[in-house]
Amino acid sequence: MSMTSTVGRQAREIPFRDIAPTFVRDPLAAVERIGARAGGDIVRLRLGAMSPYLVTRPEHVAHVLSDNAANYEREGWLWNPLSRLVGEPAGKLWWARRAVLQELVSGPSIDRFADEMAVTIVQAVDEMADRGAGGTRLIARREMSRVVFRAITRVLVGDMVTTEQTLRLGRAVTVASAALRPRLLAPFVPNEVPFFGDRTFARALREIDELVLPIVRRAQERGDRPEGHDVVSRLLRATTADGDRFTLRQLRDGLVSLYVGGTETTVIALTFLWVVLGRRTDVQERLTEEIDRVVGEGPLNGSHLRHLTYTKQVALETLRLYPPGWMLPRVIYRDDVIDGVRIDGGGLIVVSPYLTHRLPDVWPEPTRFDPDRFRPGHEPRHRLAYLTFGAGPHGCVGRPFFTAEMQLILAALLSRFRVEVHGDPTARPKLGMTLRPRQEVEISLVPRVRSAGRESPSARS
Ligand code: HEM
């Protein structure tokens with residue numbers, strides 16, 4: 001398929017007025033209708049002043065996110081609101097930082113972190129068990145967020161903060177991200193112009209900086225800690241190819257972007273997991289079987305990860321159905337042609353993982369939940385058929401981190417408890433900047449009686 005010739009036909013248009021009534025009632029249904037009308041073709045949504053292109057077919061997505069990524073920018077004006085939280089992209093240092101982050105939260109590093117992460121998660125699950133004693137119902141989002149912040153903080157800054165500070169930082173990051181939402185919906189409004197959420201954002205940002213900057217400063221004062229393999233210590237040791245080091249500000253931005261990228265999405269993902277397990281008790285049973293077989297009497301540690309294959313499949317399939325980042329927008333730099341369709345420079349193009357994951361010729365019976373789609377040796381036909389973590393130069397650096405975290409959380413919980421899920425697990429998710437469960441999901445923890453008649457020590461060691 002030729003992706004770049006000099007001329008091309010116009011993209012088929014979908015006028016927004018066709019979709020508007022559905023959009024008001026149920027935005028997710030409107031997006032699904034747009035997807036059905038596009039049928040995998042590149043289309044243009046006529047939204048008035050803005051007419052974004054929509055791209056769903058993996059081959060087209062590969063062109064935008066990966067093969068010709070230089071023409072489809074994530075920074076530009078789209079980045080303005082986020083830059084207030086995670087800093088400006090700064091040329092070669094940005095890329096050097098990305099390389100460091102990628103190395104830090106990916107494959108081999110995870111092996112080093114996994115044992116510490118397991119201990120932290122087991123402790124966090126112990127505390128959750130105390131709160132949930134006697135069948136007390138717990139709000140899944142809140143509980144998952146406590147675990148996630150503890151796990152990521154342990155890996156990012158090691159022993160440099162207390163649990164109390166960790167949870168404060170977690171709250172501040174959550175508040176700051178939520179307060180940014182109005183601006184993310186209107187990225188063309190300059191940062192200098194006052195806007196909704198600004199005051200709350202400023203307060204949360206101050207709190208983040210009050211917590212993060214001293215950590216980085218203290219680490220800088222202590223000098224290189226050759227033994228420190230937490231992310232701050234390693235960022236401090238890192239240099240670009242030209243020998244430049246990160247400044248205090250850049251170190252702070254690196255840490256905050258990992259917090260922002262790695263927490264909200266993860267919490268949403270883990271909450272969706274309980275939605276799915278609430279309607280599929282058979283899946284929870286199969287997970288428990290695997291966890292018992294692999295972890296046994298424990299203690300849970302990093303070496304278990306590679307054997308928790310079904311656990312990983314369940315996570316991937318949950319996020320195929322419900323990718324928190326349901327759309328990935330890019331600014332088009334210059335005119336281009338994708339598969340014979342002309343793309344005009346200057347406007348917006350949107351890749352939609354949600355819609356790609358529901359193309360029936362790419363994912364047969366797309367709405368059916370089937371973790372076996374991801375069993376080893378059954379990778380999807382196209383490398384970009386699965387887009388939950390994006391792709392290309394801006395793709396997620398934290399995928400292995402997330403997978404390990406999720407496997408450990410499930411193992412720590414299900415080795416001790418059967419988890420009952422309350423509420424309406426069939427409720428359709430809610431569409432905003434991210435895709436998230438519509439209502440709070442409540443869980444209760446029912447202690448399991450193991451065959452030996454005692455609880456697994458995996459969660460207590
Ligand atoms: C279920 C969990 C997660 C999901 C669904 C997710 C999804 C994504 C997606 C879709 C992108 C690309 C955005 C784009 O192309 O515009 C991204 C980027 C990113 N993610 Fe994740 N992510 C997850 C977990 C994590 C974790 C655990 C970390 C860190 C430990 C992380 C760190 C990042 C960073 C730093 C970027 C920006 C990369 C760059 O621009 O260079 N993510 N993530």
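Note that ligands are numbered from 1 as they come in the structure, with each ligand's atoms numbered from 1 the same way.
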Exercise. For the side chain to side chain contact (heavy atoms under 4.5 Å, CB included) test, which of V61, L328, L384 pairs with P353?
Worked result: L328

Problem set entry | Candidate list H394, R330, R74, test side chain to side chain contact (heavy atoms under 4.5 Å, CB included), partner L65, passing option | R330

Out of all atoms in ligand 1, which are within 4.0 Å of some heavy atom of [X]? Include the element for each.
X	value
L319	1 (C)
T388	5 (C), 7 (C), 10 (C)
A269	1 (C)
G395	38 (C)
G390	10 (C)
R330	14 (C), 15 (O), 16 (O)

For this session: Not counting sequence neighbours, which residues clear ring-ring contact (aromatic ring centres under 6.0 Å, His included) with Y72? List them please.
Result: none

Hey, are [X] and [Y] close enough for a salt bridge, meaning a charged N less than 4.0 Å from a carboxylate O?
X	Y	answer
D370	R375	no
D336	R334	no
R84	D253	no

Exercise. Between P400, P324, C396, which one has a non-hydrogen atom sitting closest to atom 19 (C) of ligand 1?
Worked result: C396

Exercise. Which of parallel (below 30°), tilted (30 to 60°) and perpendicular (above 60°) describes F374 and Y386?
Worked result: perpendicular

Exercise. For ligand 1, is there an N or O atom under 3.5 Å from any N or O atom of S257?
Worked result: no

Exercise. What about R74: any of its N or O atoms under 3.5 Å from an N or O on ligand 1?
Worked result: yes

Exercise. Does ligand 1 have any atom sitting under 4.0 Å from a heavy atom of G262?
Worked result: yes

Exercise. Taking heavy atoms and a distance under 4.0 Å, where does F401 meet ligand 1: side chain, backbone, both or neither?
Worked result: side chain

